[in-house]
Amino acid sequence: QQMNQAVAAYKAGNLEDAVTRLQRLRAMSAITPQQRMALNDAMAAVMTDIYALAAKGDARAIQAVKQYEQMQTQRR
């Protein structure tokens with residue numbers, strides 16, 4: 001369900017919300033290896049698209065990239 005919400009947020013153009021939801025899912029320890037693989041694939045696809053939009057100057061995507069990178073730094 002949370003994955004569906006993340007995808008819905010992404011499709012609606014709520015890029016920051018989608019990134020946050022995907023990162024929260026990624027931080028969960030109680031997911032199966034298959035779920036983790038699907039999540040990693042989804043995260044890669046979403047971030048590839050967001051980085052491409054950011055490179056074209058999309059303000060929402062630029063903010064989502066900043067948020068993603070900040071969350072990545074906090075994980076370490």
Side-chain angles (χ1 to χ4, degrees):
Q1 181 184 4
Q2 291 179 17
M3 180 69 143
N4 289 339
Q5 291 172 344
V7 170
Y10 171 72
K11 287 181 179 180
N14 299 326
L15 304 181
E16 288 182 72
D17 185 41
V19 168
T20 299
R21 289 177 184 276
L22 289 169
Q23 286 286 47
R24 282 190 195 138
L25 281 169
R26 191 182 249 182
M28 293 176 66
S29 59
I31 59 176
T32 68
Q34 293 84 359
Q35 289 172 323
R36 185 157 307 280
M37 285 177 55
L39 176 59
N40 286 340
D41 289 347
M43 192 78 182
V46 166
M47 290 312 301
T48 297
D49 191 36
I50 289 174
Y51 275 112
L53 289 169
K56 293 178 183 176
D58 184 302
R60 293 172 307 151
I62 291 167
Q63 189 58 40
V65 166
K66 287 179 185 175
Q67 179 181 336
Y68 172 76
E69 291 175 350
Q70 182 181 21
M71 291 176 89
Q72 288 293 99
T73 303
Q74 290 172 354
R75 285 181 61 200
R76 294 187 181 125

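Only heavy atoms go into these numbers, but all of them, side chains included; no hydrogens, no water, no symmetry mates. Positions are given from 1 along the sequence.
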At what distance, to the nearest 0.5 angstrom, does CE of Met47 lie from CD of Glu69? 7.0 Å

Non-hydrogen atoms of Leu15 and Ala64 that approach each other most closely: CB-CB, 3.8 Å

Using the rule given for side-chain contact (heavy atoms from CB on, under 4.5 Å), can you reason through Asp58 versus Lys56, listing the C-alpha separation, both sets of side-chain angles and the distance that settles it, and then say yes or no? CA-CA 6 Å; Asp58 184 302; Lys56 293 178 183 176; 5.7 Å; no

I want to check something: taking the side chain as every heavy atom from C-beta on, are Met28 and Gln2 in contact at a cut-off of under 4.5 Å? yes

How far does OG1 of Thr48 sit from CG of Leu53, to the nearest 0.5 angstrom? 11.0 Å

Between Met71 and Gln67, is a side-chain contact (heavy atoms from CB on, under 4.5 Å) present by the stated rule, with each step listed? CA-CA 6 Å; Met71 291 176 89; Gln67 179 181 336; 3.8 Å; yes

Looking at every heavy atom in both Met3 and Ala38, which two are closest together, and how far apart are they? CE-O, 3.9 Å

Rounded distance [0.5 Å steps], CG in Leu22 versus OH in Tyr10: 10.5 Å

Which value, rounded to the nearest 0.5 Å, describes the distance between Ile62 atom CD1 and Tyr51 atom OH? 12.0 Å

CG-CZ distance between Leu25 and Arg36, expressed to the nearest 0.5 angstrom: 9.5 Å

Shortest non-hydrogen contact from Ala54 to Ala61? N-CB, 3.5 Å

With no hydrogens and no angle check, is any side-chain donor or acceptor of Arg21 less than 3.5 Å from a backbone partner on Ala9? no

Side chains of Arg26 and Met43 in contact at under 4.5 Å (non-hydrogen atoms): yes

